[in-house]
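Heavy-atom basis, side chains included; hydrogens, waters and symmetry copies ignored. In the text below, chain A, chain B and the rest are named by the order of the sequence lines, each starting its count at 1.
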Amino acid sequence: MEEREVLLMKGNEAIAHAAIRCGCDGYFGYPITPQSEVLETLAAEKPWETTGMVVLQAESETASINMIYGGGGCGKRVMTSSSSPGVALMQEGLAYMAGAEVPGLIVNVQRGGPGLGTIQPSQSDYNQATRGGGNGDYHLIVLAPNSVQEMADFVDLAFELSFKYRNPAMILSDGVIGQMMEKVVLPPFKPRRTEEEIMKECPWAATGSGLKSRQPNVITSLELQSEVMEQRNLHLQRKYKEIQEKEVRYEMQHCDDADYVIVAFGSASRISQKAMDMMRARGEKVGLFRPITLWPFPEKEIRELAGRVKGILVVEINAGMMVYDVRAAAQYSVPIEQFGRLGGIVPDPDEIIEAMEKLKK
Amino acid sequence: MTREEIIQAENLVYKKPELMNDVPMHYCPGCSHGVVHKLVAEVIAEMGMEEKTIGVSPVGCAVFAYRYLDIDWQEAAHGRAPAVATACKRLWPDRLVFTYQGDGDLACIGTAETIHALNRGENITIIFINNAIYGMTGGQMAPTTLVGMKTATCPYGRDPKLHGYPLKMTEIAAQLEGTAYVTRQSVHSVAAIRKCKAAIRKAFENSMAGKGSNLVEVVSTCNSGWKMNPVKANEWMEEHMFDFYHVGDLKG
Ligand SMILES: Cc1ncc(C[n+]2csc(CCOP(=O)(O)OP(=O)(O)O)c2C)c(N)n1
Ligand code: SF4
Ligand SMILES: [Mg+2]
C-alpha cells in the first residue's frame, strides 16, 4: 500500500529516492547547480544504513566518473549526477567506460553554456550526449525524462539497459525537470543484488573473487594491436546497432490526424504540449512527437511521420541540435524548422505557436 | 647428476610466484617495474588473497600490469586509479584493492585523486613507482625529475626557474590524516628488495585491517628514459635520487 503513495517532490529528489529503491549500490558525485539536491537527498536519507548503498562526495567530476568506472567495472550498480560543466569534465571517463564496456548511470541536469554559462535550464548538451562526447566511436544510451515521475522511473530503466548492453547510460534532464516539484509515485523497493547474483549477471566483472573457476577479468579500453582493436570497435558497432533496433522509445500525442507536428524532448516537450493544446483548442491539427531515447533516436518513426504531415517544428532549448537528427530522419521530405531560446531562457507556448505559424507560411 | 636429478623439490632455491604468468614482459631489461610486480605477486599469495584482490593499473609503462599478474584488474585513465580503487574498495570492502602508478600518473595528472583518496583514508594501498621520468611516452620531464636532470622536454636539465621544483608526494602523503602507512623504498639490491616486500606486505595488511590508506613509493630506475645501461642506472639512482628522495618509513 505504502508503495503507491503519491508524493510531491523535485525531479532531483526523485532521482535520489529512486536510486535507493532500485537496488543501486553506490552514488559518487560533486555539487553543482541545478542538481545538488541529488547528493543532498542521498546524504539526508543515509541509505548506507538501510540498503547498504554507498554515497560519497567526490573531489571532482573527474573523480566521480572514474569511481563509476571502478564501481561498474566490478559489477556494481553505480551512478553519478551533475550538470553541464561537470558532465563536460566527465567525458574522458565516459569514453573509457564505453571502450571497456562498463555499465553505469550518469544523470545530467543541464544548464546553459558554453563554459560556466548559467545556472538556468538548457538542452544544449544534446550533441555531446548523443554523439558520445569523448574520444572515439561510441554512444551512450540516452533517456530524456519530461516529468518528475519519469526522473524516478528512468533510474531503474537506465540501469537495466546499461547492464543489459554493458554500456554507460545517461539520463539527460535539465534545470526545469530537476528543480520543478510534481506529484510522483516512487518505484517499488527492489533489493540490491547479492554477491552471487552479481557474479551471475556480470561474469565479466573484476570482482576479485571466483578466480578458481574462471580466468582473471580485466576491465580495459586499451588494445595496441590495430587488427584486434578494429574487431573490438566492430563489436561495439554491432552492439549499437542492436540497441538501435530494440531500444527506441518515444511518445506521440495527436499525431494521427495532425497536419503539423512538433518534435521536442524533455522540458521543451512539456511546453510544446501546452502550445499544442492551445492550437488544438483553436481547431488546428497539431501533434507532438517526443523522443524518449535521444540515442537510439526514433529515426524510423519520424521518417514515417514526416511522410504524412505538412511540416515539422523542432522545439529545443538550444540553437538547433536535434533538428539535424529530425531532418536526417525525415530525409528532408517536408519543411522542418527549429525554435529555441538560449542562455537559460525557457521558451513560452506563445513563442512556439508563433514559430509554428511561420512554418505554416 | 642428470637434469632430472637436479630438478627436485629439496634443491629448490627460487620459484617464480604462482600469480605471475609466463607472458614475456614488455618492460625494458633492468627496469624496476618487473621486480615490484614480482613482490606484489608474492605478497598477495603469501597473504592468501589470490581470490580476493582487485588491482588497478595506471596509464604509464605499467599499463599492462594486468597481463602479468593473474588477478582481476581494472585499467584506469591517466591519474585516476585512486578514484577507481576508492569505488572498488567501498563497494567490495572485503577485497584487497591496490593501485600501481607511475610518478607522472600519481604526482602530476592524478595529484588530486591521489591526495583525496589518501586523505579520505580509503582502505587501499597505492604503489608508487617513482623513476623521475615519463617512461612510457619516451622520457619526458616528470613532476619528480631532479633539478639539473636531463629529459626529452628539459634537454638542458631541469631548471627550477623554467620548470619548477620536483614534487615530494610521499612527504605530502605523510602529513595527511587519512594515511596509515607511508614509506619510501627501492629495489636496487637484494636487501632493498626484501625491505620493499615487507613494506608492501604491511601496507596490504593495513588495507585489510581497515587502518586507512597506505602509500609505498619505490624509487626506481628507468634505464631507457635515463639513457643508461641497467647497472649505470642503479648507480645513478643511488648517487642522485636517494639524496633527494630519502628511503625509509615516513609514517606508520
Ligand atoms: C590524458 C592523457 N594524457 C597523456 C597521456 C600520455 N601518457 C601516457 S603515459 C604518460 C606518462 C607516464 O609516466 P609515469 O606515470 O611516470 O609512468 P612510467 O611510464 O614512467 O612508469 C603520458 C603522459 C595519456 N595516455 N592520457
Ligand atoms: S621505459 Fe623506463 S619505465 Fe618503461 S619499461 Fe623501459 S625502463 Fe621501465
Ligand atoms: Mg615515471
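If you measure heavy-atom distances from B:Val59 to chain A, the contacts under 4.5 Å come from the side chain alone. For chain B, the nearby part of A:Arg214 is the side chain; its heavy atoms alone come within less than 4.5 Å. Only the side chain of B:Arg95 comes within contact range of chain A, judged by heavy atoms closer than 4.5 Å. A:Ser60 touches chain B through its side chain: at least one heavy atom from C-beta onward sits under 4.5 Å away, while N, CA, C and O do not. Proximity to chain B is limited to the backbone of A:Ala205, based on heavy atoms less than 4.5 angstrom apart. Contacts of A:Ile65 with chain B are absent, with no heavy-atom separation under 4.5 Å from either backbone or side chain. With a 4.5 Å cut-off on non-hydrogen atoms, B:Thr86 touches chain A through its side chain but not through its backbone. Residue contact with chain A, scored on non-hydrogen atoms closer than 4.5 Å, involves the backbone and the side chain of B:Ala77 alike. Using a 4.5 Å cut-off between heavy atoms, A:Val54 contacts chain B through its side chain alone, with no backbone atom that close. Contacts of A:Lys212 with chain B are made by both backbone and side-chain atoms, with heavy-atom separations under 4.5 Å. Contacts of A:Tyr69 with chain B are made by both backbone and side-chain atoms, with heavy-atom separations under 4.5 Å.
Of the residues considered (B:Ile115, B:Ile71, B:Val63), B:Ile71 shows the highest number of contacts with chain A, using heavy-atom pairs under 4.5 Å. The greatest number of non-hydrogen atom pairs below 4.5 Å with chain B, out of A:Gly73, A:Gly72, A:Gly71, A:Gly93, is found for A:Gly73. The candidate from B:Gly79, B:Ala76, B:Ala87, B:Cys88 with the greatest count of non-hydrogen atom pairs under 4.5 Å with chain A is B:Ala87. Listed options B:Lys52, B:His78, B:Lys89 were ranked by heavy-atom pairs under 4.5 angstrom with chain A; first place goes to B:Lys52. Comparing A:Leu222, A:Asn217, A:Val102 by how many heavy-atom pairs each has under 4.5 Å with chain B, the most go to A:Asn217.
In this structure, A:Tyr27 has its ring center at least 6.0 angstrom away from the ring center of A:Trp48.
Checked for salt-bridge contact, B:Arg120 and B:Glu177 miss the test: no charged N lies under 4.0 Å from a carboxylate O.
If you check the side chains of B:Thr221 and B:Ser32, you find a donor sitting under 3.5 Å from an acceptor. Checking A:Thr194 against A:Glu196 by side-chain atom types alone, no donor-acceptor pair falls below 3.5 Å. Side-chain contact of A:His235 with A:Glu101: a donor-acceptor pair under 3.5 Å is present, judged by distance alone. Using a 3.5 Å distance cut-off with no hydrogens or angles, the side chains of B:Gln140 and B:Thr153 do not pair a donor with an acceptor. No side-chain donor-acceptor contact under 3.5 Å links B:Tyr68 and B:His33. In the model, B:Thr145 has no side-chain atom that pairs as donor or acceptor with a side-chain atom of B:Thr151 under 3.5 Å. A donor atom on one side chain and an acceptor atom on the other are found under 3.5 Å apart for B:Asn206 and B:Asn214.
If you run side-chain contact (heavy atoms from CB on, under 4.5 Å) between A:Gln128 and each of A:Leu140, A:Leu94, A:Asn108, only A:Asn108 comes through.
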